[in-house]
Amino acid sequence: MTVRTRFAPSPTGYMHIGGMRTAFFAWLFARHMHGKFILRIDDTDEARNMSEALGPILQAFRWLGLNWDEGPEVGGDYGPYYQSQRSELYKAAAQKLIESGQAYHDFSTPAEIAADRAEADKAKRPYINIRRSLDLTEAERAQYLAEGRPWVLRFLVPRGETLAIDDLIRGHVEWDTSLLPDPVIVRANGGPLYNFATVVDDAQLEITHVIRAEEHLSNTPIQVLLHRALGNVMPTFAHVPYVAAPGSKEKLSKRKIAEYRKNPKFKMLFERADEVFPKLGLDITPERSPVTVEYYEKIGYLPAGVLNALGRLGWSLDEKTEIMSLAEMVQNFTLERVVKAPAGFDPDKLFSFQSHWMKELPLEQKIDGCIPYLVAAKLITEPITPESRQFISQVITAFGDRLKLFSDIIDTEYFFRDEFPIDEKMFQKRVCKEGVPALLREFAQRLATTESFTLESLETALQAFAAEKGVQGDLIHALRLSTTGTPVGPGVYECLVLLGREKSLQRIEAALLRAQHA
RNA sequence: GGCCCCAUCGUCUAACCCGGUUAGGACACAGGGUUUUCAUCCCUGCAAUAGGGGUUCAAAUCCCCUUGGGGUCACCA
């Protein structure tokens, strides 16, 4: 039998990073088993702007390279893949349950239900439905219906039963069905409710493994009962623990963004976004915060980095393997090795995976990845000429492992324009230092006359000059500050070569002027 | 509160199923080395079985209790 798994997001306008991890596990399992991965859109709630709300979710899958075999855009034999378009299926299933006496029209008013609940609470006993409508005669029921009295359709839970599932992650879990209130399966407006729609759909889509977040575990007994009542083939369940906020055990939530800004682990991510996004013409919103996939895409993470981190969040291959490509994860993924306890999301660890994969990335791909950032930051303009690409290539090579995220490339601003930020404090320290300007001036004259302007010749020239003057660090630091404005970055010789003789001399000149006025 | 789930370094985890390891790895952190800065890279260090009872020659591992944490209790998904 072919394994079929699904991820069923509601169109909310963003893809939660924890939700992505759950989806990823379902995807990995399907791929590992050579099965199918299906995307179904659970839009039974009110209609929102579908394309706007669904866009970021599909984009997250596309960006990470997690393809779906059936679903929006690709179709499939079991469609449509939007619950809002599957009403007939739900109607038929509801009819079936009514006919077999496993669902009933409940005419209770919300007030009555609330009162029942309050009473149960007061008596400290679990609430279950009173089922008054079940006592109605056939004639009464017909009359109520004819009168147009409002009703909901409830599933008749068989009480007094012990229900068990063998969850692939959590093991054997049991419930007492006597404690389960009869769930509403069709609401007053005729729309199906989640627990019902999902059962109908999982069966019709022939989902073999329902792999979903742990918060659905408590929905499971109802769904099992519903499957049974409908005569469906029972899927196998696997409940993946939720992803917790860094340094906590609480579920990572988009609603807590303000709080996360103060979280020491998240802080860096927010601060980097505050710094970088404006330069790219983006703003930081809850939908584009470290809680969502879009943040990582926009700030220039690699799918390989994010996927590696997500894969290791609650799953491990063995006692030591950390670095895994997507192919390796597909090769080795099993649900048995998913950890039962919730895992705290660790931005530091994600960053270390990212560093690794960025280091591995071939130069050409680094260039392709950086170009959009250079363009967005207006450091280069399109179309990219071969000369321009060649220059970018040299910058990236010189920048080396300092490039962790694609957006880091905008930190090399000084290579692309003559106006660039200057670290005042360090400038004071390195350039305005006693005796340094004179040294710099004299060395500039040397630079103006060196035969060639290459790494080797510059190094030779500087070494010779430094030996003559009996200095070492001072000159190098001053050179760096005056030509790039920052104390960190590629080697000084690389910087000078990339800038070229003319610009280097101009910048030294400008720096000397600046030092004078300081 | 009811129901359900979970519990190993600060964090992610391995060892647990099928009892015997100096409880391993990684991230982070600290220190050192390489380097013209930074980054990289290398070395070293720090650091855990929530508590209590059993069972057993032997318990992180099996059982029970406690504690703690979490999820969920809708005409949301």
Side-chain angles (χ1 to χ4, degrees), chain A residues 8-12 42-46 83 106 110 113 117 120-121 124-128 150-154 167 169-171 173-176 179-181 183-195 197-198 212-221 239 241-242 244 246-251 264-265 309 312-323 336-337 339-353 355 359 399-404 408 426 430 459 462-463 466 472-477 479-481 484 486-495:
Chain A
S10 283
T12 52
D42 282 11
D43 57 349
T44 54
D45 206 6
E46 62 258 39
Q83 288 191 326
D106 184 4
I113 302 276
R117 267 183 198 283
D121 265 6
K124 288 192 193 287
R125 111 181 98 74
Y127 166 78
I128 48 170
W151 54 268
V152 294
L153 195 67
R154 284 188 191 272
D167 190 287
I169 293 172
R170 326 207 70 95
V173 186
E174 304 190 329
W175 296 268
D176 176 357
L179 266 14
L180 269 21
V184 172
I185 57 176
V186 177
R187 44 187 147 193
N189 69 8
L193 248 11
Y194 167 75
N195 261 331
T198 210
R212 60 174 25 160
E214 178 184 15
E215 42 265 50
H216 291 289
L217 189 57
S218 48
N219 286 322
T220 306
H239 288 92
Y242 61 90
S248 93
K249 292 287 177 201
E250 275 175 43
K251 200 165 79 168
K265 290 280 188 185
R312 279 290 289 101
L313 197 57
W315 177 77
S316 67
L317 170 56
D318 55 29
E319 71 284 357
K320 57 175 183 292
T321 308
E322 297 285 340
I323 299 296
E336 286 71 28
R337 289 193 65 87
V339 176
K340 290 183 196 174
F345 178 60
D346 185 355
D348 284 337
K349 190 121 183 179
L350 164 60
F351 194 73
S352 94
F353 283 121
S355 304
K359 247 179 286 181
F399 203 45
D401 293 337
R402 296 167 192 84
L403 185 84
K404 313 280 194 195
D408 290 342
M426 289 310 287
R430 297 301 196 189
E459 184 164 6
L462 190 131
Q463 300 278 316
Q472 182 52 260
D474 277 2
L475 181 58
I476 282 189
H477 291 134
L479 263 178
R480 174 189 304 285
L481 254 306
T484 67
T486 160
V488 300
V492 186
Y493 309 123
E494 268 105 332
C495 289

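Sequence lines set the chain letters: A, B, ... in the order given, protein chains first and strands last, and positions in each chain run from 1. These numbers come from a predicted model, not from an experiment. In what follows, every heavy atom counts, from backbone to side chain, and hydrogens, waters and symmetry copies are set aside.
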Taking the minimum atom-to-atom distance to the side chain of [X], which one of [options] wins?
X        : options                : result
A:Arg154 : B:rC5, B:rC75, B:rA14  : B:rC75
A:Arg170 : B:rC27, B:rU36, B:rC6  : B:rC6
A:Lys320 : B:rG25, B:rG69, B:rA7  : B:rG25
A:His477 : B:rG71, B:rU37, B:rC5  : B:rU37
A:Leu313 : B:rU36, B:rC12, B:rC4  : B:rC12
A:Leu179 : B:rU36, B:rA26, B:rC3  : B:rC3
A:Ser352 : B:rC27, B:rG69, B:rC4  : B:rC27
A:Glu322 : B:rG70, B:rG25, B:rG24 : B:rG25
A:Trp175 : B:rC75, B:rC4, B:rA77  : B:rC4
A:Arg187 : B:rG24, B:rC75, B:rA74 : B:rC75

Gap between atom CG of A:Leu153 and atom CD1 of A:Ile185 - 0.5 Å precision: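 Rounded to the nearest 0.5 Å, the CD1-CG separation comes out at 4.5 Å.
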
Atom pair CH2/CZ of A:Trp315 and A:Arg337 - distance to nearest 0.5 Å: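 The CZ atom of A:Arg337 is 8.0 Å from CH2 of A:Trp315, to the nearest 0.5 Å.
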
Worked check of side-chain contact (heavy atoms from CB on, under 4.5 Å) between A:Arg312 and A:Phe353: CA-CA 10 Å; A:Arg312 279 290 289 101; A:Phe353 283 121; 4.0 Å; yes

According to a strict under-4.0 Å criterion, is [X] in side-chain N/O contact with OP1 or OP2 of [N]?
X        : N      : answer
A:Thr12  : B:rA77 : no
A:Arg337 : B:rU13 : no
A:Lys251 : B:rU72 : yes
A:Lys404 : B:rU40 : yes
A:Ser316 : B:rA14 : yes

Residue matched to [N] through Watson-Crick or wobble contacts both under 3.5 angstrom:
N      : value
B:rC41 : B:rG33
B:rC73 : B:rG1
B:rA14 : none
B:rG68 : B:rC6
B:rG19 : none

Using a 4.0 Å heavy-atom cut-off across all strands, classify [X] as base, sugar-phosphate, or nothing.
X        : value
A:Glu459 : nothing
A:His239 : nothing
A:Gly489 : base
A:Glu336 : nothing
A:Phe399 : nothing
A:Asn219 : base
A:Val184 : sugar-phosphate
A:Val173 : sugar-phosphate
A:Gly191 : nothing
A:Lys340 : sugar-phosphate
A:Pro490 : base
A:Arg117 : sugar-phosphate
A:Val186 : nothing

By side-chain hydrogen bond (donor to acceptor under 3.5 Å, both in side chains) - contacts of A:Asp106 (at least two apart):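 By the side-chain hydrogen bond (donor to acceptor under 3.5 Å, both in side chains) rule, A:Asp106 matches A:Ser108, A:Ser133, A:Arg154.
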
Distance between the [atom1] atoms of [N] and [M], in whole angstroms?
N      : M      : atom1 : answer
B:rC29 : B:rC38 : P     : 16 Å
B:rG51 : B:rC41 : C1'   : 44 Å
B:rC46 : B:rA26 : C1'   : 15 Å
B:rC6  : B:rU49 : C1'   : 15 Å
B:rG25 : B:rA48 : P     : 14 Å
B:rU21 : B:rC4  : C1'   : 35 Å
B:rC63 : B:rC18 : P     : 10 Å
B:rC42 : B:rU34 : C1'   : 8 Å

Tell whether [X] reaches the base of [N] with its side chain through a donor-acceptor pair below 3.5 angstrom.
X        : N      : answer
A:Arg402 : B:rC38 : yes
A:Lys349 : B:rA26 : yes
A:Glu214 : B:rG71 : no

A:Asp348/A:Lys265 salt bridge by N-O under 4.0 Å criterion: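 Yes, this pair counts.
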
Evaluation steps, side-chain hydrogen bond (donor to acceptor under 3.5 Å, both in side chains), between A:Arg212 and A:Thr198: CA-CA 12 Å; A:Arg212 60 174 25 160; A:Thr198 210; 5.0 Å; no

Distance, rounded to the nearest Å, where A:Glu215 contributes CD and B:rA74 contributes C1':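 Rounded to whole Å, this separation is 16 Å.
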
5' priority, RNA chain B, between A:Ser248 and A:Gly473 [closest heavy atom]: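 By nearest-heavy-atom nucleotide position, the 5'-most residue is A:Ser248.
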
Contact nearer the 5' end of RNA chain B, comparing A:Arg430 with A:Gly171: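 That would be A:Gly171.
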
A:Asp346/A:Phe351 under side-chain contact (heavy atoms from CB on, under 4.5 Å): CA gap, chis, key distance, verdict: CA-CA 9 Å; A:Asp346 185 355; A:Phe351 194 73; over 6 Å; no

side-chain contact (heavy atoms from CB on, under 4.5 Å) between A:Arg170 and A:Glu214, worked out: CA-CA 10 Å; A:Arg170 326 207 70 95; A:Glu214 178 184 15; 3.6 Å; yes

Stepwise side-chain hydrogen bond (donor to acceptor under 3.5 Å, both in side chains) check, A:Gln83 with A:Asp43: CA-CA 6 Å; A:Gln83 288 191 326; A:Asp43 57 349; over 6 Å; no

Test of ring centre spacing under 6.0 Å for A:His216 and A:Tyr194: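 That pair passes the under 6.0 Å test.
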
